[in-house]
Number of protein chains: 2
Amino acid sequence: MRILVIEDEPGIARFLKQGLEEEAYAVEVADNGTEGLALALEQAYDLLLVDWMLPGLSGLEVCRQLRAAQNHTPLLFLTAKDTVQDTIAGLQAGANDYIKKPFHFEELLERIRVQLRPVAGPPERFTVGPIVLDVATHQVFRDDEEIPLTQKEFALLEYLLRHKGNVCRRQSIIENVWDIHFEYNTGVIDVYMNALRKKLRLHKDEDYLQTIRGIGYVARD
Amino acid sequence: MRILVIEDEPGIARFLKQGLEEEAYAVEVADNGTEGLALALEQAYDLLLVDWMLPGLSGLEVCRQLRAAQNHTPLLFLTAKDTVQDTIAGLQAGANDYIKKPFHFEELLERIRVQLRPVAGPPERFTVGPIVLDVATHQVFRDDEEIPLTQKEFALLEYLLRHKGNVCRRQSIIENVWDIHFEYNTGVIDVYMNALRKKLRLHKDEDYLQTIRGIGYVARD
DNA sequence: TCTTCAATGACCAGGATGCGCATAGGATAC
DNA sequence: GTATCCTATGCGCATCCTGGTCATTGAAGA
């Protein structure tokens, strides 16, 4: 799990970095708002720890701009400002928690874990039409009959179902399912979509996995 | 949005119920842990507000049993116990937040909103008259009926709707939709406007997509 | 106010392009 | 050795654009 700490006071930054690394998090530190925002936007962090008062962009502004850019990485404010107005402003800006200094490191850790634990909880099942995908057991069913899928086929179907209703662009699919982050011209997705549709026995009129020409694919009921 | 308050002190319970109802939440109250747990398990609440000290089952125990039963409704502790150990115990038991009394009602409200806000960002939708365009799902509707559009048709309509009310010059359209940045004399835009109006079944009197002769086009209500 | 006319956009049809489907076969991991 | 993954290739068709004709517009002049 990757955490970005945006904090200008070197002492606190070092303390956080060390403490979190002992908990096996991968920690990076930015010491001003501008750099922090840029990093948060271009890298895929699992969580952001943001100080309120920062040189350059304020923490609040970092949060606002991040959310405006459709980035929804969990963000925790960590701040000495403890007025109710600030707390409310921070949360309204899109933060997920607001922790007041001085804080206990153990409580911070626990609040971080709250954010990082899987959102929906264990019974993660996704469906489209007659198709059911169970993340926990790694099984896929069509009309209660189990369909054996390979790892990649499963990952692709899971990605599409997790974003059911939303169009998944080829680029996002390549990045999230194949973990390829540079430009890459390949036809793998087509091959796997083909395999999926065949294995799931999707007829022409059963367009649960639709092609959006020139864009990508969608799972729709 | 339905909220269940599990709180035994009648004064606080009444205060919460009234305050939350003023914010248009549907609030129910249970005054002991056993009843609260039973309600939470059988009804579909959107959020639970749980006191720590309760007759019958303690709040902590309610939380544990709820999570053990695979119920992952957002749960906020609301408590006078403010030791770090309790906070950690509460969060570890599966709570989503832990708010210490005395609390400001505004902050509580905001923390409730954090839990209730949808994970993904607000959907980007644009409209003119009966036409609705959803960027995320890449869909276009007229009077709730889906209209299939090609990529270019969609891009053109999106561009016009993003600038609703403002006249889009042919040059800007060519640059932003077709990505052509040199002078270029073509009639593509006309062809696509024609296709759009036809597919969207825009009558002569429905001038949601107006032609500004010699300049370009506008989307207007 | 009416007429004329050039300019502009609406609309249609056909051809080029390129995307996605499908299948086969080689590389790789287990 | 076998299952899995990926590359490569050909094909069909949706999409896109061009070029043409027809309709409409608006301004100038009578």
Side-chain angles (χ1 to χ4, degrees), chain A residues 138 140 146-160 167-219, chain B residues 138 140 146-160 167-219:
Chain A
H138 216 263
V140 173
E146 187 175 351
I147 308 277
L149 292 186
T150 73
Q151 207 178 330
K152 272 278 142 63
E153 287 162 357
F154 187 91
L156 173 58
L157 183 60
E158 178 184 347
Y159 185 76
L160 291 175
V167 173
C168 304
R169 334 190 128 265
R170 299 179 93 83
Q171 189 56 32
S172 338
I173 296 178
I174 279 291
E175 283 186 8
N176 291 285
V177 177
W178 273 266
D179 207 32
I180 293 171
H181 296 278
F182 45 92
E183 188 158 346
Y184 190 52
N185 199 348
T186 173
V188 236
I189 304 180
D190 307 64
V191 175
Y192 276 81
M193 284 305 301
N194 187 25
L196 268 183
R197 299 207 247 235
K198 195 182 273 181
K199 285 201 179 179
L200 298 172
R201 299 194 310 279
L202 292 179
H203 256 268
K204 297 264 159 153
D205 53 324
E206 296 180 312
D207 46 0
Y208 301 119
L209 302 180
Q210 288 181 28
T211 305
I212 308 296
R213 191 171 231 273
I215 310 283
Y217 296 89
V218 217
Chain B
H138 218 263
V140 173
E146 187 175 352
I147 309 280
L149 293 187
T150 74
Q151 199 186 340
K152 272 278 141 63
E153 288 161 357
F154 188 91
L156 173 58
L157 183 60
E158 180 183 346
Y159 185 76
L160 291 175
V167 174
C168 304
R169 336 190 123 265
R170 301 177 90 82
Q171 188 55 31
S172 337
I173 296 178
I174 279 289
E175 284 185 8
N176 291 284
V177 178
W178 273 265
D179 208 30
I180 293 172
H181 297 278
F182 44 87
E183 187 156 347
Y184 189 51
N185 200 348
T186 174
V188 238
I189 305 181
D190 308 66
V191 175
Y192 276 82
M193 284 305 301
N194 184 28
L196 268 182
R197 300 206 247 236
K198 193 183 273 180
K199 284 201 179 180
L200 298 172
R201 299 195 310 278
L202 293 179
H203 258 267
K204 298 264 160 158
D205 52 325
E206 296 180 312
D207 47 1
Y208 302 119
L209 302 180
Q210 289 180 26
T211 306
I212 307 298
R213 203 183 164 77
I215 312 284
Y217 296 88
V218 217

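Below, read A as the first sequence line, B as the second, and so on, with proteins coming before strands; counting in each chain starts at 1.
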Touch class at under 4.0 angstrom, heavy-atom based, for B:Glu153 against every strand present: nothing
Using atom types as modelled, flag every donor-acceptor pair under 3.5 Å from a side chain in residues 146-154 of chain B to any protein atom, sequence neighbours excluded.
| residue | atom | partner | partner atom | Å |
| --- | --- | --- | --- | --- |
| B:Glu146 | OE1 | B:Gln139 | NE2 | 3.1 |
| B:Glu146 | OE2 | B:Gln139 | NE2 | 3.3 |
| B:Thr150 | OG1 | B:Glu153 | N | 3.4 |
| B:Thr150 | OG1 | B:Glu153 | OE1 | 3.4 |
| B:Glu153 | OE1 | B:Thr150 | N | 2.8 |
| B:Glu153 | OE1 | B:Lys199 | NZ | 3.0 |

Annotated protein contacts, base or backbone, on nucleotides 11-18 of chain C with a non-hydrogen cut-off under 4.0 Å, one of B, S, - each: BB-----B
For B:Thr211, all residues meeting side-chain hydrogen bond (donor to acceptor under 3.5 Å, both in side chains), sequence neighbours excluded: B:Arg197
Set of side chain to side chain contact (heavy atoms under 4.5 Å, CB included) partners for B:Val191, sequence neighbours left out: none
A:Asn185 atom CG, neighbour heavy-atom count above 12 within 6.0 Å: no
A:Asp207: salt bridge (charged side-chain N to carboxylate O under 4.0 Å, His left out) partners, not counting sequence neighbours: none
Pairs flagged by salt bridge (charged side-chain N to carboxylate O under 4.0 Å, His left out) wherever residues 170-182 of chain B is involved - sequence neighbours left out: B:Arg170-B:Asp190
Pairs touching residues 189-208 of chain B that satisfy ring pair (Phe, Tyr, Trp, His ring centres under 6.0 Å), sequence neighbours left out: B:Trp178-B:Tyr192
Axis deviation across the helix from C:dT1-D:dA30 to C:dC30-D:dG1, five-pair ends, to the nearest 10°: 50°
Sugar-phosphate, base or nothing in reach of B:Tyr217, heavy atoms under 4.0 Å: sugar-phosphate
Set of salt bridge (charged side-chain N to carboxylate O under 4.0 Å, His left out) partners for A:Arg169, sequence neighbours left out: none
Value in whole Å for how far the C1' atom of C:dA7 lies from CD1 of B:Ile215: 14 Å
Residues in salt bridge (charged side-chain N to carboxylate O under 4.0 Å, His left out) contact with B:Arg213, at least two apart in sequence or another chain: none
From CG (B:Asn176) to CG (B:Leu160), nearest 0.5 Å: 11.0 Å
Side-chain N,O (B:Thr211) to OP1/OP2 (C:dT8) below 4.0 Å: no
Contact under 4.0 Å: B:Tyr192 side-chain N or O vs C:dA10 OP1/OP2: no
Listed partners of A:Glu206 passing salt bridge (charged side-chain N to carboxylate O under 4.0 Å, His left out), at least two apart: A:Arg142
Covered region of DNA chain D, 5' end to 3' end, by chain A [heavy atoms, under 4.0 Å]: D:dT4 to D:dT15
